[in-house]
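Have a look at the structure below before the remarks.
Naming: A, B, ... by sequence-line order, numbering from 1 per chain.
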Amino acid sequence: MSEPTNKTITIDGREIPFEEGQTIMDAALAADIYIPHLCHRPGLSPHGSCKLCTVEVNGRSASACTLPASSGQEISNNTDALNEVRKTITQMLFVEGNHFCPSCEKTGNCTLQAVAYHLDMLDGHFPQFYPRREVDASHPGIMLDRDRCILCELCVRASREVDGKDVFAITGRGTDARLIVNSESGKLVDTNITTDDLAAHICPVGAILIKEEGYEVPIGRRTFDLHMVGEPGLEPVILRKGQHSDEH
Amino acid sequence: MDTNNGSDTKPGSLTRQNDHLLHRLYDLQQQFHHIPQQSIINLATELKLPISQIEGVVDFYSFFHRSPRGRYDILFSNCTSCGDLAMMQQLCEKLNVSPGNTRADGSVSIDATSCIGMCDQGPALLVNGRTITQLSAQRLEMIASHVEAATPLDQWPAEWFRVQDNVRKNGLLLGTAFDTGSALSAAINMEPEALLAEITKSGLRGRGGAGFGTGMKWKFCREAKGDAHYVICNADEGEPGTFKDRILLTSHAHAVFEGMTLCGYVIGAQKGYLYLRAEYRYLLPELYAVLSRRQQAGLLGAGILGQTGFDFDIDIIVGAGAYICGEESSLIESMEQKRGIPRVRPPFPVTSGFLGQPTVVNNVETLAAAAQIAIHGSEWFNTQGSDKSDGTKILSVSGDCTTPGIYEYPFGVSIQKILDDCGAENVQAIQVGGPSGTLIGPDEFERKLGFEDLATGGSFMIFGAERDLLAVISNFAHFFAHESCGFCTPCRVGTSLLKNGLDKIVSGHGTRYDMDEMYRMATLVKRRSHCGLGQTAANPVLDALQRFPKLFEERLLHSEYAPHFDLDASLEEARRITHRDDAEAHLS
Ligand SMILES: Cc1cc2nc3c(=O)[nH]c(=O)nc-3n(C[C@H](O)[C@H](O)[C@H](O)COP(=O)(O)O)c2cc1C
Ligand code: SF4
Ligand code: SF4
Ligand code: FES
């Protein structure tokens, strides 16, 4: 008998290969299978907090971005039931913060918004929480509007793992959890963040914005005006700033 | 045994982790009644930690504050068994302060806090971290005058601070005398492998709730490679209605520490930690004393019982008010001076725990049982109990019965038997295993305690016929929303939505639609949350919807839909400001 050399998992009936050490998300992305996600970005350590990537592995609920792939996993991903769960989770993220899309500079480039469209979300459904959160406009180049923060910690990890700094952190507990800045004053201007940092660009929503770039790309030509969030290979496009997303 | 809870600091003591962030913040909170920003900045420099990490910790734990609390900071338990929020209201009125606030003169602040583990002798409160039990109208009156007179806490009547064991029924663990050191003597006559085999054979499973095989856990950890191995005793005991670990730490501390030491022997650890919930801070002086007696007797330290190479020490880390820190990976994060956010698993603590090293986390009772098993053998233990649940379980019985307290039973005991023993009559419902456990009604009282039927970490809350059970469910929903760590979306947002949904129904504004929505949300929170807190937070709602639907239905508005948002009520503030209350100023 020969040892099977290729390790595989099955997502919605499609068998795909994986390498040792990959998560289900890694394997799916490599095979151009879209599993909705918000707190995950290839190249940063997995986080597992938004739960948008919830899948069912042999019938059990799991986060695709953190669960290691292992041979024989039967995974449900793009099912009506799971997409309904994801839609509800997205609605929960919307009502928990203050998201007024029409007045947000990120509109059209916002992954939260794009995911909501993808999941056919038509309203927030739940009563709004209307939290009071602080804006930090202290930095000359970067704006921090916590109203839109979804606590994904992408900026926290990007600053630590890629920029080699430690600019952001989460504080508080439960619905009091909020993003803070690592400086004596708690202000962005007193950190060593620059507009070249990945942390300044990685925010999936409009919580961290580069100043003086507002509306450079007109509405109608923004990332998700031209692309579907589930398109293969979109990650670099989402990150590319200050350019029309149909330019190269 | 009784304990009087007095002041807790033991400066310079061998075992006090003086530089642990949680301990430093506790000192600052005591000194300034809050944690000043400048102190955070100074600490960051001194401990070489990011400012944001210290701020994160301050804001995460309930017992640290950024703005000043009163010189007397009074916290009433809001547990359905040891809490009495009407009393809190009364004391607030007497002292002219509103809940959650500090009086303008800075003398007093009053607030509510999650269960403080005094469910057999409530109502209870904490004043500057010290426990007062058996509150009465008279006691409240006297507390108020002591506060007004600024009497130092040490001069308050000592009997107020008395905490009783209230052991009502002994079993294998509580009823068998334990000779200090005897488990270790027995152990060193066996190889670690043989001791491990004995623990495994006993069938002992974790007493903290999840019931993982203790022998298996120790074996995995022993086999895991690392620079060091660690033993952690989980004394966070935060589940409302649970207080059995308090009794073990009060009157059986030697057995607990000996269990930790045995575990160290088996897994090859030289260091153990007791993670103690802040609500039990009053136990510290005695626990330190026991540790130093054990050191003197050669039962801790280098070369235990003269065995070269058998080195083991124990430190104590005190939490700061966070139920989630009972979850083993949050507990480890907390020990690492961070917010108590549960880790992604795998890896599990047995391979990557404290400081990334192989770590066993066991409940207090599990470790005490292990010590007794080392002495008396596996059969002594597993001849009691049921098929899948060997041995006995110590229960914390509280609520509507004549003799609340500690009861130890072999697994397999029926609910009805327990009710008979503690004098509970006319029972409406029981919460087995605390709010995260199972709510059952009278038609299920023949069910049995055990991992195969009703699993429990030890909380047993009894609700008599007169209780407003929906208010109880709502209390639990508030508990989980308050204690959610906020890491994952389903639990962070979902527990708040459940809380608000219940409030709406309890206040008589709910409809059938709200009930259905609550069911849908509860299912999502249970299935999709990151850790055990979220995965169990919806249990009371789901159990109540299934077993007691009438409770909800009786409160419903008889329409299909009513908005959460009450337009007329929201105009109240405007009416007040404009001094109007005429018909025109109302929307109906
Ligand atoms: C929210 C939450 C709170 C917990 N609290 C405690 C606790 O206070 N004490 C405890 O021993 N285990 C608690 N646990 C279980 C621990 O994670 C862990 O399973 C246990 O300490 C392992 O010890 P054992 O195997 O001896 O039971 C809690 C779990 C969760 C999810
Ligand atoms: S600011 Fe943006 S990137 Fe950072 S945690 Fe909030 S949503 Fe995520
Ligand atoms: S389930 Fe709740 S307590 Fe657990 S990680 Fe999620 S938010 Fe935190
Ligand atoms: S993408 Fe997996 S939990 Fe957020």
Side-chain angles (χ1 to χ4, degrees), chain A residues 23 38-39 45-52 54 56 60-63 65-68 70 82 84-86 88-97 125-129 150-153 156 160 166-186 190-191, chain B residues 37-38 40-41 44 50-62 66 321-322 324 338-347 480-497 499-501 504 517 520-521 523-530 534-535 563-565:
Chain A
T23 60
L38 278 170
C39 72
S45 61
H47 198 237
S49 64
C50 73
K51 299 301 174 205
L52 218 67
T54 296
E56 271 162 29
R60 293 194 56 175
S61 193
S63 308
C65 69
T66 55
L67 193 71
S70 82
L82 280 170
E84 190 60 32
V85 167
R86 292 170 182 146
T88 305
I89 291 175
T90 309
Q91 288 167 325
M92 291 160 83
L93 285 170
F94 265 98
V95 299
E96 168 194 40
H125 186 81
F126 302 106
Q128 288 281 343
F129 285 19
I150 57 168
L151 304 169
C152 70
E153 293 190 45
V156 177
R160 274 183 207 155
D166 189 12
V167 173
F168 296 105
I170 303 286
T171 193
R173 187 171 89 196
T175 43
D176 283 336
R178 61 199 178 274
L179 188 75
I180 53 169
V181 167
N182 184 24
S183 66
E184 288 194 8
S185 64
D190 294 323
T191 68
Chain B
Q37 183 68 13
Q38 191 55 48
I40 292 179
I41 295 168
I51 291 173
S52 56
Q53 181 173 338
I54 301 185
E55 289 184 349
V57 168
V58 172
D59 296 340
F60 188 85
Y61 296 89
S62 297
R66 298 273 213 131
I324 187 60
K338 293 181 268 184
R339 298 161 76 233
I341 304 291
R343 292 178 176 175
V344 169
R345 293 176 300 171
F480 286 115
H482 178 67
E483 298 294 345
S484 165
C485 84
F487 173 75
C488 72
T489 317
C491 171
R492 181 183 66 242
V493 185
T495 53
S496 279
L497 288 172
K499 175 188 80 167
N500 296 343
K504 186 176 173 188
E517 277 286 287
R520 190 171 75 93
M521 183 49 59
T523 313
L524 184 142
V525 172
K526 184 183 174 81
R527 286 207 67 196
R528 315 298 175 180
S529 289
H530 177 71
Q535 287 158 11
H564 265 268
F565 186 66

TODO: Would you confirm whether B:Arg339, through its side chain, and A:Gly172, through its main-chain N or O, come within 3.5 Å as a donor-acceptor pair?
DONE: yes

Task: For A:Thr171 against B:Gly56, the heavy-atom pair lying closest together - done: OG1-CA, 3.1 Å

Task: Heavy-atom closest contact (A:Ser61 atom, B:Arg528 atom, distance) - done: OG-NH1, 3.0 Å

- [ ] Answer whether the closest heavy-atom distance between the side chains of A:Asn182 and B:Gln53 falls below 4.5 Å.
- [x] no

Open item on the list: Can you see whether B:Ser62 engages A:Arg173 through a side-chain donor-acceptor pair at a distance of less than 3.5 angstrom?
Closed with: yes

TODO: Look at A:Gly48, A:Ala169, A:Ser63, A:Ala177 and state which one has the largest set of heavy-atom pairs under 4.5 Å with chain B.
DONE: A:Gly48

Task: Side-chain heavy-atom pair B:Leu497, A:Phe129 within 4.5 angstrom cut-off - done: yes

Open item on the list: Once rounded to the nearest 0.5 Å, what's the spacing between atom OG of B:Ser484 and atom CG of A:Asp176?
Closed with: 10.5 Å

Task: For chain B, the option from A:Thr66, A:Ile150, A:Val85 that forms the most heavy-atom pairs under 4.5 Å - done: A:Val85

Open item on the list: Between A:Ile89 and chain B, with a heavy-atom cut-off of 4.5 Å, which part of the residue counts as in contact: side chain, backbone, both or neither?
Closed with: both

TODO: Please determine, among A:Pro46, A:Gly174, A:Pro127, the option with the most heavy-atom pairs under 4.5 Å with chain B.
DONE: A:Gly174

Task: Which residues share a side-chain contact (heavy atoms from CB on, under 4.5 Å) with B:Arg66, sequence neighbours left out - done: B:Gln37, B:Ile40, B:Glu55, B:Val58, B:Asp59

Open item on the list: Does any backbone or side-chain atom of B:Ile51 lie under 4.5 Å from a heavy atom of chain A? Answer side chain, backbone, both or neither.
Closed with: both

TODO: Under 4.5 Å heavy-atom distance to chain B, tell me which part of A:Leu82 shows up: side chain, backbone, both or neither.
DONE: side chain

Open item on the list: Would you say that more than 12 heavy atoms from the other residues, nucleotides or ligands in this model lie under 6.0 Å from the CD of A:Gln128, or not?
Closed with: yes

TODO: Mind running side chain to side chain contact (heavy atoms under 4.5 Å, CB included) on B:Arg492 and A:Lys51 for me, showing each step along the way?
DONE: CA-CA 11 Å; B:Arg492 181 183 66 242; A:Lys51 299 301 174 205; over 6 Å; no

- [ ] Can you tell which part of A:Ile180 gets under 4.5 Å to a heavy atom of chain B, answering side chain, backbone, both or neither?
- [x] side chain

- [ ] Heavy-atom distances under 4.5 Å only: say whether B:Glu483 touches chain A with side chain, backbone, both or neither.
- [x] both

Open item on the list: Quick check against the 3.5 Å criterion: does B:Ser52 have a side-chain atom that pairs as donor or acceptor with the backbone of A:Val181?
Closed with: no

Task: Heavy-atom pair with the smallest gap, counting every atom of B:Ser496 and A:Thr175 - done: OG-CG2, 3.4 Å

- [ ] Could you look at A:Glu96 and say if it's the side chain, the backbone, both or neither that has a heavy atom under 4.5 Å from chain B?
- [x] side chain

Task: Results of side-chain hydrogen bond (donor to acceptor under 3.5 Å, both in side chains) for A:His47 - residues two or more places apart only - done: A:Ser49, A:Glu153

Open item on the list: Does any backbone or side-chain atom of B:Ala44 lie under 4.5 Å from a heavy atom of chain A? Answer side chain, backbone, both or neither.
Closed with: neither

